[in-house]
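Residues take their numbers from the sequence shown, with the count starting at 1. These values consider heavy atoms only, across backbone and side chains, with no hydrogens, waters or symmetry-generated copies.
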Amino acid sequence: MRDVPTPDFILDLRAKIGHAPLWLSGVTAVVLRDPDAAPRTDVLLVRRADTGAWTPVTGIIDPGEEPAVAAAREVTEEAGCEAVAERLAAVGVTDPITYPNGDVSQYLDLTFRMRWTAGEPAIGDDENTECGWFPLDALPPMSAEMRRRIAAAVDDRPGAVFRT
């Protein structure tokens with residue numbers, strides 16, 4: 001496993017606060033290809049370089065960035081595809097995470113249902129080691145939380161799911 005790059009604005013904050021808990025906003029982009037073919041709909045997944053876990057594309061929202069724009073940017077940067085946000089699917093807060101260097105962070109996660117518009121999956125940065133399309137009925141092993149985020153995006157409900 002290898003470390004993933006840390007955004008400069010977080011490095012600047014860490015220079016001031018050290019390892020103290022840091023509250024960050026993040027996005028999960030559940031990119032669907034052919035969503036009307038469920039359960040044979042394909043979802044874009046990446047394999048994280050730091051943990052080896054399969055997940056939808058995730059990332060940190062830059063200061064001042066619109067969350068749906070951040071989700072689309074992360075899809076392009078991490079998987080070489082283009083996608084547009086269709087709706088906010090879920091809102092939740094992660095448990096605090098302590099990284100190997102001692103930094104502590106907790107994330108407000110905004111999960112978006114995204115529609116694939118172009119491109120074929122290709123690793124675009126150092127954050128992942130693999131990426132590709134997976135049928136919803138044949139997902140690789142992944143955490144229950146990531147499965148919940150995918151389920152919220154696939155569900156046809158009009159509003160977001162709130163984790164309580």
- request: Take D109 and R149, measure what side-chain contact (heavy atoms from CB on, under 4.5 Å) needs, and give me the verdict at the end.
  value: CA-CA 10 Å; D109 177 73; R149 292 178 194 181; 3.6 Å; yes
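Under the 4.5 Å side-chain contact rule for hydrophobic residues, L108 and L88 share a cluster.
With hydrogens and angles disregarded, no donor-acceptor distance shorter than 3.5 Å links the side chain of R115 to the backbone of V84. Proximity of a side-chain donor or acceptor of R14 to a complementary backbone N or O of G18 within less than 3.5 Å is detected. No side-chain donor-acceptor contact under 3.5 Å links W133 to the backbone of P135. Judged purely by atom type and a 3.5 angstrom limit, T76 uses its side chain to pair as donor or acceptor with the backbone of C81. Judged by distance alone, with hydrogens and angles left aside, the side-chain atoms of R33 form no donor-acceptor pair with the main-chain N or O of T117 at under 3.5 Å.
At a threshold of 4.0 Å, the pair D156-R113 counts as salt-bridged, since one of the basic side-chain nitrogens sits closer than that to a carboxylate oxygen.
Closest heavy-atom contact between A72 and A83: CB-O, 3.6 Å.
The shortest side-chain heavy-atom distance between D34 and D42 does not fall under the 4.5 Å cut-off. Inter-residue side-chain proximity for M146 and L45 is flagged as unmet; no heavy-atom pair is nearer than 4.5 Å.
Other members of the hydrophobic cluster containing L24, listed by chain and number, are F9, I10, L13, I17, L22, I60, I97, Y99, Y107; membership follows side-chain contacts under 4.5 Å among ILVMFWY residues, whether direct or relayed.
Distance check: L32 CG to T41 OG1 gives 6.5 Å after rounding to the nearest 0.5 Å.
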